[in-house]
2 protein chains.
Amino acid sequence: MPPRKPPTVYDVATRAGVSIATVSRVLRSPQKVTESTRERVLAAIDELGYVPNASARGLAGRRTGVLGLLIPGHDAPPVPQPGSAGDHVVEFIDDMDRSFVDPERNHYFEQLVRGCEISAWGSGYALLVASGPDLSRSVVLDDLEGRVDGIIVISRTVPDDLIARSARRVPLVVVAGRAAGTADSVRVDNAGGMAAVTRHVLARKPEGPVLYLGGPADSPDGVEREEGFRREIDGSGETWRIASTDFTTEGGAQEMRRALADVRPGAVIAANDQSALGALTELREAGISVPDDCVVTGFDGIEDARWSRPPLTTVRQPMTDVGVQAVQTLLRRMADADAPGQDLQLPVDVLLRESCGPLGR
Amino acid sequence: MPPRKPPTVYDVATRAGVSIATVSRVLRSPQKVTESTRERVLAAIDELGYVPNASARGLAGRRTGVLGLLIPGHDAPPVPQPGSAGDHVVEFIDDMDRSFVDPERNHYFEQLVRGCEISAWGSGYALLVASGPDLSRSVVLDDLEGRVDGIIVISRTVPDDLIARSARRVPLVVVAGRAAGTADSVRVDNAGGMAAVTRHVLARKPEGPVLYLGGPADSPDGVEREEGFRREIDGSGETWRIASTDFTTEGGAQEMRRALADVRPGAVIAANDQSALGALTELREAGISVPDDCVVTGFDGIEDARWSRPPLTTVRQPMTDVGVQAVQTLLRRMADADAPGQDLQLPVDVLLRESCGPLGR
DNA sequence: CTGAAAGCGCTTACAG
DNA sequence: CTGAAAGCGCTTACAG
């Protein structure tokens with residue numbers, strides 16, 4: 001039983017005995033209207049159940065009041081996230097008893113959405129969440145351009161050149177990856193996080209060489225994390241080697257198995273949780289006790305890492321914060337198109353769990 | 001370095017040497033335009049980087065192409081979800097080894113959002129996700145009305161009368177709760193799910209009375225679940241009693257403690273996971289072995305229930321499906337304002353875990 | 001198949 | 001403080 005024709009400013013104006021300009025003013029700059037007039041208009045609005053038409057408002061006002069967020073669709077597994085260097089104070093959180101409650105757990109994109117959502121609505125903007133399958137994503141990006149006042153894109157969900165093109169037309173920020181000067185970006189301190197956890201490992205590892213399970217060479221995240229690792233391992237005096245995984249659990253297990261064929265590591269530092277989880281399994285099967293004989297760490301802070309045997313020490317990415325900061329950065333860009341480019345890098349946490357031995361620095 | 005004035009239909013028309021009507025047609029009903037003309041227009045669009053303005057399109061076309069989803073904000077804990085009766089075939093899934101992967105785990109609203117998102121984009125609509133703090137939520141609902149072609153609201157996030165009022169003006173479906181004839185609704189089969197799990201419990205419980213841990217009296221969910229319980233327990237010949245909790249872990253623990261003061265139950269059937277988890281803790285402290293001396297079940301399928309000791313058998317709500325169905329129901333309503341009211345009730349699953357003993361019916 | 005024109009419902013200078 | 005009027009960028013009958 002929905003609609004009859006909804007009331008417009010004209011209806012309100014007629015009913016309140018004013019012009020439509022005044023109705024508009026009551027809604028947008030109430031202080032410019034005499035109190036008595038304002039009250040009459042407000043009453044009319046209420047009586048008629050008037051709700052402003054956002055399309056008309058958007059057209060006339062040249063702004064939609066909407067922010068767009070483009071996330072990977074559901075046809076393919078989530079794309080890994082880029083990032084880079086910097087050196088913040090990394091907070092170590094005792095999660096030995098698993099009492100640390102990650103705000104809303106680690107659903108990478110869902111946390112991001114939530115962060116954006118909170119921040120957007122808090123700033124008076126609505127959030128349009130766009131996903132869509134791989135292939136159509138660039139179409140969706142174009143579509144978004146016409147719908148919103150600004151766009152947040154997750155790096156790599158759309159080809160870089162398309163992102164750059166969109167950024168030229170509309171305020172845009174790239175999340176979880178660098179934009180290489182073509183747009184503002186907000187990401188996580190991959191190198192700093194990896195460096196921190198590496199230091200932690202080096203300070204407490206049992207005898208034996210260090211095995212670094214890196215990511216694919218084309219992963220910006222992987223590159224930055226490895227950079228953080230090298231920063232600490234170089235000159236540490238430890239023996240170490242690097243293996244590359246595809247960031248999957250199987251990949252981690254496979255490289256672990258291969259390594260175990262000729263060394264018995266005292267530490268396995270993985271560039272993401274999945275591969276660390278795979279390594280954990282192999283170590284167990286090889287009868288190597290974690291953390292007594294070998295410590296293991298991951299990166300990301302996915303939920304599964306909390307429940308592995310033993311629970312995995314890992315570097316957690318503050319995705320909700322990333323969302324919040326992305327929105328704030330976007331709003332800044334919207335306010336000043338000529339402001340210098342931003343490349344925000346958020347600090348990460350390290351969640352200490354049993355895979356890296358008892359507590360302490 | 002964003003904008004210069006973006007190109008409009010006029011620019012495209014000029015460049016292609018056609019009228020704006022033709023440009024519009026190329027975009028909206030290409031088959032009405034000669035191939036050669038179409039190509040020229042498309043080329044112009046491409047060269048200019050033209051993107052249609054959604055506000056103008058929405059205003060002229062009287063549709064926005066956007067669906068709105070109103071979810072609880074982030075200032076308060078998620079509101080419990082209503083629902084009601086029906087009798088579907090309930091699927092029992094062996095999750096004894098925790099190998100059952102709940103699609104995207106149980107973040108109640110996030111799953112819902114995801115379901116809506118998939119379904120909306122798949123149907124050619126964009127999804128506007130609105131939350132906002134408790135108090136402002138009714139304002140947000142009004143705001144949504146002006147922005148979208150249809151609205152999905154989670155029951156109880158906004159006072160029922162406001163939902164009803166909105167439903168009179170715009171296509172609207174209520175999710176996770178009944179709309180009492182004022183709007184279409186999509187929800188979960190609370191009673192059927194509880195009845196099923198109750199049957200399961202009765203068929204396998206050890207000696208001892210049944211304790212039902214119900215929800216607050218004002219929770220529609222609670223009421224329906226209790227109804228399902230009573231349906232099975234009545235005439236079962238079992239001794240039983242009901243206690244009411246506030247759906248929290250502490251509430252569950254407290255009522256469990258109280259009950260243990262004078263009975264030693266053979267089964268605890270809780271109306272939600274949280275309270276079941278609380279009960280589990282109390283039973284352990286009382287030295288009662290679950291499932292050997294007493295079986296325990298929950299409802300909802302939250303993530304924590306997978307990791308409790310022992311893992312909790314529970315009734316899982318298919319929230320992604322709820323989202324998908326909500327969108328489909330909404331689209332139907334949008335297509336036909338006068339269609340009879342819908343009140344969809346989706347079947348639930350029961351996840352079998354250790355708290356209810358070894359497998360089998 | 002294509003164009004001229006009206007109209008969608010607002011906002012915002014510009015006068016007064 | 002308030003009103004008349006232009007204009008935002010499209011879509012869609014209506015003619016031809």
Side-chain angles (χ1 to χ4, degrees), chain A residues 3-42 44-45 48-66 142-143 145-149 169-170, chain B residues 3-42 44-45 48-66 142-143 145-149 169-170:
Chain A
R4 162 185 16 197
K5 194 163 167 292
T8 70
V9 267
Y10 291 94
D11 301 313
V12 175
T14 303
R15 176 147 198 150
V18 299
S19 73
I20 61 166
T22 297
V23 175
S24 181
R25 285 195 198 95
V26 167
L27 260 19
R28 312 208 59 77
S29 26
Q31 74 292 350
K32 289 188 182 170
V33 180
T34 315
E35 162 134 26
S36 63
T37 313
R38 195 191 319 148
E39 281 172 354
R40 255 184 309 139
V41 172
L42 255 13
I45 286 177
L48 294 174
Y50 168 73
V51 173
N53 176 313
S55 294
R57 182 174 270 190
L59 180 58
R62 291 169 188 68
R63 67 183 288 281
T64 62
V66 180
D142 275 358
D143 182 62
E145 277 185 43
R147 291 181 179 280
V148 303
D149 296 332
R169 305 161 168 171
V170 60
Chain B
R4 157 187 19 198
K5 193 160 168 290
T8 70
V9 265
Y10 291 95
D11 301 313
V12 175
T14 303
R15 175 147 199 149
V18 299
S19 73
I20 62 165
T22 297
V23 175
S24 181
R25 284 195 200 96
V26 167
L27 260 19
R28 311 208 61 76
S29 25
Q31 74 293 348
K32 289 188 182 171
V33 180
T34 313
E35 163 135 26
S36 63
T37 313
R38 197 192 316 148
E39 281 171 356
R40 256 184 307 141
V41 172
L42 254 14
I45 287 177
L48 295 173
Y50 169 73
V51 173
N53 176 312
S55 294
R57 182 173 269 189
L59 180 57
R62 290 168 186 70
R63 67 183 289 280
T64 62
V66 179
D142 275 357
D143 183 60
E145 277 184 43
R147 292 181 180 280
V148 302
D149 296 333
R169 305 163 169 170
V170 60

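Computed over heavy atoms, backbone and side chain alike; hydrogens, waters and symmetry mates excluded. So that the names make sense, note that chain A is the first sequence line, chain B the second, and so on, each numbered from 1. All values reported here derive from a predicted model rather than from experimental measurement.
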Results of side chain to side chain contact (heavy atoms under 4.5 Å, CB included) for A:Ser36 - residues two or more places apart only | A:Thr34
For residues 8-23 of chain B, pull every pair meeting salt bridge (charged side-chain N to carboxylate O under 4.0 Å, His left out), keeping only residues two or more places apart or in separate chains.
-> B:Arg15-B:Glu47
Is the backbone of B:Val33 close enough, under 3.5 Å, to the side chain of B:Arg38 for a donor and an acceptor to pair up by distance?
-> yes
Whole Å only: how far is the CZ atom of A:Arg28 from the C1' atom of C:dA13?
-> 15 Å
Short heteroatom pairs, N/O only, protein and nucleotides 3-6 of chain C, under 3.5 Å:
from, atom 1, to, atom 2, distance (Å)
C:dG3, OP2, B:Ser19, N, 3.0
C:dG3, OP2, B:Ser19, OG, 3.2
C:dG3, OP2, B:Thr22, OG1, 2.7
C:dG3, N7, B:Arg25, NH1, 3.4
C:dG3, N7, B:Arg25, NH2, 3.2
C:dG3, O6, B:Arg25, NH2, 2.4

List the atom of A:Asp149, the atom of A:Thr64, and the distance in Å for their closest heavy-atom pair.
-> OD1-N, 2.7 Å
Partners passing salt bridge (Lys or Arg N to Asp or Glu O under 4.0 Å) against A:Asp143 (at least two apart in sequence or in another chain) | A:Arg147
Measure the shortest side-chain to side-chain distance between A:Val26 and A:Val12 over non-hydrogen atoms and say whether it is less than 4.5 angstrom.
-> no
Let me know the distance between CD of A:Glu35 and P of D:dC1, rounded to the nearest Å.
-> 12 Å
Contacts of A:Ser55 that satisfy side chain to side chain donor-acceptor pair (under 3.5 Å) - sequence neighbours left out = none
List in chain and number order the residues that pass side chain to side chain contact (heavy atoms under 4.5 Å, CB included) with B:Arg62, two or more places apart in sequence or in another chain; answer none if no residue qualifies.
-> none
Residues touching DNA chain C, which here means a heavy atom under 4.0 Å, drawn from residues 50-66 of chain B = B:Leu59, B:Ala60, B:Arg62
For A:Ser24, enumerate each residue passing the side chain to side chain contact (heavy atoms under 4.5 Å, CB included) test, keeping only those at least two apart in sequence or located in another chain.
-> A:Arg28
How would you list, by chain and number, every residue that makes a salt bridge (Lys or Arg N to Asp or Glu O under 4.0 Å) with A:Arg57, sequence neighbours excluded?
-> none
Separation of A:Glu39 atom CD from D:dC1 atom C1', in whole Å?
-> 15 Å
Range-with-range stems for DNA chain D, at least three Watson-Crick or G-U pairs under 3.5 Å | C:1-3 with D:14-16, C:5-12 with D:5-12, C:14-16 with D:1-3
Name all residues meeting the side chain to side chain contact (heavy atoms under 4.5 Å, CB included) criterion together with A:Val18; count only those two or more places apart in sequence or in a different chain, and write none if there are none.
-> A:Ala13, A:Ala16, A:Thr22, A:Val23, A:Thr37, A:Arg40, A:Val41
Looking at every strand, decide which applies to B:Thr34 at a 4.0 Å heavy-atom threshold: base, sugar-phosphate, or nothing.
-> sugar-phosphate
Can you find a side chain N or O atom of A:Ser24 that sits less than 4.0 Å from OP1 or OP2 on C:dT11?
-> yes
